[in-house]
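Input: a single structure, listed below in C-alpha cells.
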Amino acid sequence: MNMIKVLLGADIFLILSGLAWLLLIPSFNLSAFNRPLPSTFLGMLVLLFGIYKGLQLRRTFLRIKSQS
C-alpha cells in the first residue's frame with residue numbers, strides 16, 4: 001500500500017506539472033528536432049499522461065483491494 005501512495009503522489013505531481021505548463025507558461029516556445037514546439041502541447045501531453053497513469057493506478061488499486 002505504501003508503494004501505491006508513492007505512485008499516487010507522483011501522479012498528482014504529473015497532473016500539476018501539466019497544468020502548470022498549460023496555465024503559467026503558455027507562450028514559452030521550445031524546440032524539438034529543429035522545429036518549434038509550443039509549451040501548451042507539452043503541457044497537454046504531460047497532463048494526459050498523468051490522467052492515463054492515474055486511471056491505471058486506480059484499476060490496480062481496486063484489483064489489489066478486491067484480492068485482500
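These values consider heavy atoms only, across backbone and side chains, with no hydrogens, waters or symmetry-generated copies.
- Pairs of residues two or more places apart, or lying in two chains, never qualify as side-chain hydrogen bond (donor to acceptor under 3.5 Å, both in side chains) while including a residue from residues 6-17.
- For T60, the side chain to side chain contact (heavy atoms under 4.5 Å, CB included) partners at least two apart in sequence or on another chain are I64.
- Distance CZ/F49 to CE/M44: 16.0 Å, rounded to 0.5 Å.
- Evaluation of the side-chain hydrogen bond (donor to acceptor under 3.5 Å, both in side chains) test over residues 44-57, restricted to residues two or more places apart or in two chains, returns Y52-Q56, K53-Q56.
- Sorted by first and then second residue, the side-chain hydrogen bond (donor to acceptor under 3.5 Å, both in side chains) pairs with a member in residues 32-48 form an empty list; sequence neighbours excluded.
- For L8, the side chain to side chain contact (heavy atoms under 4.5 Å, CB included) test picks out I12, L57, with sequence neighbours left out.
- Across I15, L14, L16, a single residue satisfies side-chain contact (heavy atoms from CB on, under 4.5 Å) together with L47, and that is I15.
- Among residues two or more places apart in sequence or in another chain, the side chain to side chain contact (heavy atoms under 4.5 Å, CB included) test is passed with L45 by F41.
- F13 and L19 fall into different hydrophobic clusters, where Ile, Leu, Val, Met, Phe, Trp and Tyr side chains are chained together by heavy-atom contacts under 4.5 Å.
- Taking CZ of R58 as the reference point, atom NZ of K65 lies at 10.0 Å (rounded to 0.5 Å).
- When hydrophobic clusters are built by joining Ile, Leu, Val, Met, Phe, Trp and Tyr residues whose side-chain heavy atoms come closer than 4.5 Å, directly or via intermediates, I4 is grouped together with L62.
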